[in-house]
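To start, the structure under review is shown below, and the notes come after it.
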Amino acid sequence: MKKLATLLSVPVVLLVAWGGSSWYVGQQTEASLKQFIEQQNEASAQSGIKQELVSYEKTAFGAKAVTKLIAGGEFGEIQFINDISNGPLLLGGSSAVQLGSARIDTQLDMAALDEAKRQWLTTAFEGKAPLEGHTVIGFGGGVSYDFSTNPLKLDEDGTTAVVESVTLSGTSAADMTGDISLRAGKIEVKEATTQFTMPSLQLDGDITGMIGGQALGKFYMKAPGVSILAEGTTVPMSFDLALQSDSSIADNAVSGKVAIQAANIQGVNDAVSKVDYTMDIHDMDVAGLEEIGKLQAELQSAQNQMVWSADATETPEGQQKQQELMTKLTETGGKIVDTLFGKVLKTDKSRVHTTLLAESPKGKLNADIDLTYVGKEAPDMMALASYNANDWAKMLKGKIMLDADKGLLPAGTEMMLTPLAEQGLIKLEGEKIKSNIDLAGDNVTLNGKQMSFDELLKMLVPPGIDDAMTDGSEDMGIPEDLMKKIEVEGITPEIIQLLEESDDVPKETVELMKQLQQMQQQMDDGKTPATEPAAAPAPEGTKE
């Protein structure tokens, strides 16, 4: 299945491209087009997808615009030709006659591809156009669109793939609200020992807004009869997949729910026949989420520019560039943490509730996790560097519940229950396995017994690993005496010197501490974090 992502990305990227390169091409001025492209780039920044206007040439009855989608991956940059016809009467497209200010007919710019990619697409789509799209812009600025790909067939390097035609249609207002519909036929990828088959896919959605690059609204998806033959098996696993999501804004906070179901599961020796998973998220601050979205876009941009190779670091300029990017990553990561705890999460209101229900002919399982954020203030990076399990636990309250039938367990694993019951992690009640955990800041109650969160974690991890979780210092290689000094005094220049002189502390930890000390100093001084970072060790594996 190693080529599955690459093969399936071809029609998916082509379909997504309409939103990135053609949706607003029909605006009648180049200035308007550039403005809408900028808006789209802001919305898609987190995914690393970017669009550009290559050229815009006006004609007697419309215009011809060439747009470019920069998506990375197999095809990197893809160019599209958009023929724009001015209204008010629009001929052709999905209807004989339409009314609107403009219609855009979009095709992939095959001539702009290199010979290898052009030949690959020509073979895969049997000489037909990979993508055909039609967009009508109404007089009020709203658009309706209809895009489709032709069937893809491929037999290459022992892999055969079939992707029947995919269509994407819907409407969109200037604020990007509207409806969306996706229909896909059979998708199948076969290799010598593996196989993936999806007979059909249907997605419908009602987009009601955008927050931090994420769409809000109601979405429904179903894909019946999905089949997966994994390597080393002879019987494929099959199931009917469905997904629903619903999100909205109330009182400047976002709440939403995602539900995923896998039904009619077969080919797993009756281990499970049905799985339902839900996640409810409540009261996440809108402004904070928008800020997180921008920071994630900055993080993605810096990651895209990171090039760990000998060519990128063999010159002083290249080394400085990589160090600046490392500093940018560290700074942005710190800002994301600060924004998450300081703006997104609302004390005693922000809540995440997840449930997992599983069924088989032999029994049922019900797992429920309901947690509420109770942190009072945003911890700074200094504090986070020395946080232990109990410090994190103080930010949460809620319940964790497990109720399962013994019969659901695979054969031969029931003997594992006795030591877990003796340890107190679970309770055995006849044919039932139960466990209840109450989290309340400093206190944790496990099946009626009070303990610290750190004690609970030690019970959950395998023997030999629990010592590494005591306070997090061993993972960083910082001796216990120095870590206690950091907790009391913070990361001072003296601490940095002691870390550098210690043979036990890894260079990566010293560099991280330098970054934290630098950032804290700049924030204390009220300055913007500097772009010149402390010296960082050259990454391993950069030389052949």
For residues [X] and [Y], report the shortest heavy-atom separation together with the two atoms involved.
{"X": "L408", "Y": "A271", "value": "CD1-O, 3.7 Å"}
{"X": "S247", "Y": "A215", "value": "OG-O, 4.1 Å"}
{"X": "V258", "Y": "S245", "value": "CG2-CB, 4.1 Å"}
{"X": "D405", "Y": "G363", "value": "OD2-CA, 3.4 Å"}
{"X": "K346", "Y": "D251", "value": "NZ-O, 4.2 Å"}
{"X": "D204", "Y": "R183", "value": "OD1-NH2, 3.1 Å"}

Which value, rounded to the nearest 0.5 Å, describes the distance between [X] atom [atom1] and [Y] atom [atom2]?
{"X": "F196", "Y": "I228", "atom1": "CZ", "atom2": "CD1", "value": "6.0 Å"}
{"X": "Q266", "Y": "S273", "atom1": "CD", "atom2": "OG", "value": "9.5 Å"}
{"X": "K222", "Y": "L203", "atom1": "NZ", "atom2": "CG", "value": "12.0 Å"}
{"X": "S181", "Y": "Q202", "atom1": "OG", "atom2": "CD", "value": "7.0 Å"}
{"X": "N443", "Y": "K394", "atom1": "CG", "atom2": "NZ", "value": "10.5 Å"}
{"X": "L289", "Y": "K343", "atom1": "CG", "atom2": "NZ", "value": "12.0 Å"}

Side-chain donor or acceptor of [X] paired with backbone N/O of [Y] under 3.5 Å:
{"X": "K406", "Y": "G430", "result": "yes"}
{"X": "T347", "Y": "G375", "result": "yes"}
{"X": "D285", "Y": "A287", "result": "yes"}

Open item on the list: Strictly by side-chain hydrogen bond (donor to acceptor under 3.5 Å, both in side chains), give each pair with a member in residues 357-369 just once, sequence neighbours left out.
Closed with: H353-D368
- [ ] Applying side-chain hydrogen bond (donor to acceptor under 3.5 Å, both in side chains), name anything that partners D438, two or more places apart in sequence or on another chain.
- [x] K399
Open item on the list: If the condition is side-chain hydrogen bond (donor to acceptor under 3.5 Å, both in side chains), which residues does S435 pass it with, not counting sequence neighbours?
Closed with: none
Open item on the list: Please evaluate residues I495 and T492 with respect to the criterion side-chain contact (heavy atoms from CB on, under 4.5 Å), reporting the C-alpha separation (whole Å), side-chain torsions for both, the decisive distance (0.1 Å), and the verdict.
Closed with: CA-CA 5 Å; I495 292 292; T492 63; 3.3 Å; yes
Validation row: [X], [Y] side chains within 4.5 angstrom (heavy atoms):
{"X": "L409", "Y": "I433", "answer": "yes"}
{"X": "L229", "Y": "T194", "answer": "no"}
{"X": "I180", "Y": "F219", "answer": "yes"}
{"X": "P224", "Y": "P199", "answer": "no"}

Could you pull out every donor-acceptor pair under 3.5 Å between side chains of residues 446-453 and any protein atom, sequence neighbours left out?
residue, atom, partner, partner atom, Å
N447, OD1, N436, N, 2.7
N447, ND2, G424, O, 3.0
N447, ND2, L425, O, 3.2
S452, OG, E455, N, 3.1
S452, OG, E455, OE1, 3.4

- [ ] Only one of V226, V166, V163 passes side-chain contact (heavy atoms from CB on, under 4.5 Å) with I187; say which it is.
- [x] V163
Open item on the list: Tell me if the NZ atom of K186 is crowded by more than 12 foreign heavy atoms within 6.0 Å.
Closed with: no
Open item on the list: Distance alone, cut at 3.5 Å: any donor-acceptor contact between the side chains of T197 and Q195?
Closed with: yes
Could you list the donor-acceptor pairs under 3.5 angstrom formed between side-chain atoms of residues 231-244 and any protein atom two or more places apart in sequence or on another chain?
residue, atom, partner, partner atom, Å
T233, OG1, A230, N, 3.4
T233, OG1, A230, O, 2.6
D240, OD1, G225, N, 2.8
D240, OD2, N264, ND2, 2.5
Q244, OE1, Q261, NE2, 2.9
Q244, NE2, Q261, OE1, 2.9

- [ ] Go through the steps for M284 and V352 under the test side-chain contact (heavy atoms from CB on, under 4.5 Å), then give the verdict.
- [x] CA-CA 10 Å; M284 303 293 175; V352 177; 4.2 Å; yes
- [ ] Take K427 and D403 through the test salt bridge (charged side-chain N to carboxylate O under 4.0 Å, His left out) and record every step on the way to the result.
- [x] CA-CA 10 Å; K427 295 188 299 182; D403 186 342; over 6 Å; no
Task: Residue among D283, D280, D370 satisfying side-chain hydrogen bond (donor to acceptor under 3.5 Å, both in side chains) with R351 - done: D370
Task: Verdict with reasoning, K434 to L402, per side-chain contact (heavy atoms from CB on, under 4.5 Å) - done: CA-CA 5 Å; K434 295 186 177 182; L402 172 67; over 6 Å; no
Task: side-chain contact (heavy atoms from CB on, under 4.5 Å) between T159 and V189, worked out - done: CA-CA 7 Å; T159 298; V189 179; 3.9 Å; yes
Task: Pairing residues for A421 by the side chain to side chain contact (heavy atoms under 4.5 Å, CB included) criterion, not counting sequence neighbours - done: I426, L428
